[in-house]
Amino acid sequence: MEKRNNVTEFIFWGLSQNLEVEEVCFVVFSFFYMVILLGNLLIMLTVYMGNLFKFPMYFFLNYLSFVDICYSSVTAPKMIVDLLAKSKTISYVGCMLQLFGVHFFGCTEIFILTVMAYDRYVAICKPLHYTTIMDRNRCNKMLLGTWIGGFLHSIIQVALVVQLPFCGPNEIDHYFCDVHPVLKLACTDTYIVGVVVTANSGTIALGSFVILIISYTVILVSLRKHSAEGRRKALSTCGSHIAVVIIFFGPCTFMYMRPDTTFSEDKMVAVFYTIITPMLNPLIYTLRNAEVKNAMKRLWGRKVFSEANDK
C-alpha cells in the first residue's frame, strides 16, 4: 500500500492543560535545565582542568556529562517554551529528529553506564591488571562503541516510524515525540512495528541492566576479601554509579519494556529520565566522589568540598 502522509506537523498536549500549573512548571523546569547545564559543565571542566582524563572512570564520567547535556537539550528547551505557548506544535521533520535524538543520546547513556560498570569491575576485581586492560586505546574503542550502538538503535527506531502513513489526527498526548505516542497516530496497523520497537528498546535496556546487576553482584562479593578501608572506598565509588543506574533504568524499564501501549503516567515518568536524572547525575557524582571534590577544591578553592570530605 502506498504511504499516505497528510500530516506536516504535530500538536503536543504538553504536561498540563491548566495555565497556572504550566506557569509553575515553566519556572521549575527552567531552573532544572539550568542546573543540568551548569552541573554537567562543571563536571566536564573539572575533569579537563584537573587532568583526570588519564583515569578511565573520569574519562567516561566526562562523556556521561556531555551526553546528559545533549539528552536533556533534545526535549527540555522545547518543553519549557511550550509551557507558555498557546499552540504547542512541532513539524513532522522536527518530530522525527527529536525522536532520533532522544533514542540516540538515551541509548548512548545506557551503554556508557554499562562501560563504567565494567571499569569498576576491573578496578576492584582485577586491580593488578587494571592499567593494562583499561588503557587509553581500549577506552577510546569502548567509547566509540557506545556512540555507534546508540546511533544504530536510534536509526532503527526512526526507520520504523517514518515508513508509516500519517493521514489523520496529529495531536500527541505528550511533551515530546517518542515512539509509542507517535505510533498511536499512524493510519495503519502498528502491531508488528510496536513489537519490533519494544524488542529493540527492551533488549538494550534489559540486557544492559542484567549486565550491570551481574557486574555489581560480582564486585560486592569480591569486596569481602578487601580490607575495611578498601571496602569503604570501593563502596563509595560504586555507590554513586549504582544510584545513577537505578534512577535511570527504573523509568526507562517502565517506558520501553512493555507492549505498544501508553499510560497517563508516561509523561511524569519521562520527566524523570529526561530532566531529573541528568540533573541528579553531577550532584551524585560530586557529593559521593572524594576525588572529584578534591579536584574541584583545587580548581575553585572552595572550602565546602573539604568540609564534606571531613564528614
Side-chain angles (χ1 to χ4, degrees), residues 3-17 22 25 29 33 36 67-110 150-188 190 193-194 196-198 200-202 204-205 251-252 254-256 258-278:
K3 178 184 173 183
R4 308 184 312 278
N5 198 345
N6 301 327
V7 174
T8 59
E9 67 177 18
F10 294 100
I11 301 173
F12 294 131
W13 284 14
L15 290 175
S16 174
Q17 304 299 309
E22 288 189 324
C25 287
F29 288 115
Y33 185 57
I36 290 171
V67 169
D68 273 335
I69 291 175
C70 297
Y71 185 41
S72 60
S73 296
V74 173
T75 59
K78 170 66 175 168
M79 181 261 283
I80 291 170
V81 171
D82 282 348
L83 286 168
L84 298 184
K86 292 183 178 180
S87 180
K88 303 172 175 59
T89 62
I90 187 171
S91 67
Y92 175 84
V93 173
C95 183
M96 295 302 107
L97 288 174
Q98 192 176 57
L99 192 154
F100 173 85
V102 167
H103 283 270
F104 175 49
F105 292 114
C107 185
T108 301
E109 176 151 349
I110 286 176
F151 179 79
L152 293 176
H153 164 71
S154 56
I155 280 293
I156 292 172
Q157 299 291 84
V158 173
L160 291 169
V161 175
V162 296
Q163 52 87 31
L164 296 174
F166 295 92
C167 53
N170 66 337
E171 296 185 355
I172 301 176
D173 186 13
H174 216 306
Y175 65 90
F176 70 92
C177 288
D178 203 0
V179 178
H180 293 316
V182 173
L183 286 181
K184 291 180 66 177
L185 305 182
C187 302
T188 185
T190 59
V193 174
V196 177
V197 164
T198 301
N200 183 19
S201 300
I204 291 173
C252 282
F254 175 80
M255 292 293 291
Y256 299 110
R258 69 180 197 226
D260 180 25
T261 55
T262 56
F263 299 116
S264 58
E265 298 86 2
D266 285 355
K267 285 185 281 189
M268 290 300 102
V269 174
V271 165
F272 206 84
Y273 65 78
T274 59
I275 304 291
I276 305 300
T277 302

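Given the structure is predicted, the values throughout are model-derived calculations rather than measurements.
- For Y175, there are no ring pair (Phe, Tyr, Trp, His ring centres under 6.0 Å) partners, not counting sequence neighbours.
- Distance alone, capped at 3.5 Å, is enough to place a donor-acceptor pair between the S154 side chain and the F151 backbone.
- When every heavy atom of T188 is checked against every heavy atom of P165, the shortest pair comes out as CG2-CD, 3.6 Å.
- Remark: F176 pairs with H174 by the ring pair (Phe, Tyr, Trp, His ring centres under 6.0 Å) rule, at least two apart or across chains.
- Nearest approach of T274 to Y71, heavy atoms of both residues: CG2-OH, 4.0 Å.
- Here the side chain of S72 pairs no donor or acceptor atom with the backbone of I275 at under 3.5 angstrom.
- Rounded to the nearest 0.5 Å, atoms CG (L15) and CD1 (I80) are 10.5 Å apart.
- With sequence neighbours left out, V193 forms a side-chain contact (heavy atoms from CB on, under 4.5 Å) with L160, Q163, L164, L183, V197.
- Taken from CD in Q98 to CZ in F10, the straight-line distance is 11.5 Å, to the nearest 0.5 Å.
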### Steps toward side chain to side chain contact (heavy atoms under 4.5 Å, CB included) verdict (E22, D82)
CA-CA 9 Å; E22 288 189 324; D82 282 348; over 6 Å; no

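- Taking CD1 of I90 as the reference point, atom CG of N170 lies at 12.0 Å (rounded to 0.5 Å).
- When all heavy atoms of V7 and C167 are compared, the pair lying nearest together is CG2-N, 4.2 Å.
- A heavy-atom distance below 4.5 Å is found between the side chains of I155 and F100.
- Residues meeting the ring pair (Phe, Tyr, Trp, His ring centres under 6.0 Å) test with F29, sequence neighbours left out: F32.
- The salt bridge (Lys or Arg N to Asp or Glu O under 4.0 Å) search around E171 returns none, not counting sequence neighbours.
- Under the side-chain contact (heavy atoms from CB on, under 4.5 Å) criterion, V93 pairs with S91, L97, sequence neighbours left out.
- Smallest separation of non-hydrogen atoms from P169 and L185: O-CB, 3.8 Å.
- Side-chain contact check for K184 versus T190: every heavy-atom pair is 4.5 Å or farther apart.
- H103 and H153 have tilted rings, their planes meeting at an angle from 30° to 60° on a 0 to 90° scale.
- Remark: of the listed residues V74, T75, V161, I172, I172 is the sole one forming a side-chain contact (heavy atoms from CB on, under 4.5 Å) with C177.
- Atom CG of L83 sits about 11.0 Å away from atom NZ of K78, to the nearest 0.5 Å.
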### Task
Under the side chain to side chain contact (heavy atoms under 4.5 Å, CB included) rule, what do V182 and F166 come out as? Steps first, then yes or no, please.
CA-CA 9 Å; V182 173; F166 295 92; 3.6 Å; yes

